[in-house]
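Below: one structure, written as structure tokens.
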Amino acid sequence: MSNKVKVIGVRVSEDLYLKVKSICEARGEDVSDFVRRAILKELAILGFLPEEQRKALGIPEKV
């Protein structure tokens, strides 16, 4: 897997953006950090990440 950074652009409603932005401000993080974590969590749920990374994202172990 390449370590090159790729940019993904997404469009969301203004309402959704404002909700995400508000959460990020409360957490002291950037919107991009929130989106990256959301993508990683989804990949973990689908089983595409190693167990250690799943645990770090708060995803329970597979039963």
Side-chain angles (χ1 to χ4, degrees):
M1 184 177 201
S2 174
N3 288 331
K4 293 182 181 180
V5 175
K6 300 291 183 185
V7 177
I8 298 173
V10 296
R11 291 187 179 134
V12 296
S13 68
E14 183 175 3
D15 183 53
L16 180 58
Y17 173 77
L18 292 174
K19 287 177 186 176
V20 170
K21 184 178 175 191
S22 175
I23 291 167
C24 291
E25 287 173 357
R27 290 180 173 176
E29 67 183 1
D30 294 328
V31 171
S32 58
D33 295 328
F34 182 93
V35 172
R36 268 191 294 277
R37 187 172 48 256
I39 291 169
L40 287 170
K41 280 186 170 188
E42 184 66 19
L43 290 171
I45 290 166
L46 294 171
F48 285 96
L49 297 181
E51 182 180 345
E52 185 175 310
Q53 201 168 6
R54 276 198 318 269
K55 285 173 136 179
L57 292 164
I59 306 301
E61 291 184 42
K62 291 183 177 181
V63 179

Just how far is it from atom CZ of Arg54 to atom CD of Glu61, taken to the nearest 0.5 Å? 7.5 Å
Tell me who clusters with Val5, hydrophobic residues only, linked when side chains sit under 4.5 Å apart either directly or through other members. none
Which atom pairs, one a donor and one an acceptor, fall under 3.5 Å between side chains of residues 30-49 and the rest of the protein, sequence neighbours left out?
{"residue": "Ser32", "atom": "OG", "partner": "Arg36", "partner atom": "NH2", "Å": "3.4"}
{"residue": "Asp33", "atom": "OD1", "partner": "Arg36", "partner atom": "NH2", "Å": "2.7"}
{"residue": "Asp33", "atom": "OD2", "partner": "Asp30", "partner atom": "N", "Å": "3.3"}
{"residue": "Arg37", "atom": "NH1", "partner": "Glu29", "partner atom": "OE1", "Å": "3.2"}
{"residue": "Arg37", "atom": "NH2", "partner": "Glu29", "partner atom": "OE1", "Å": "3.2"}
{"residue": "Arg37", "atom": "NH2", "partner": "Glu29", "partner atom": "OE2", "Å": "2.9"}

Apart from Ile8 itself, its cluster of hydrophobic side chains linked below 4.5 Å comprises Val10
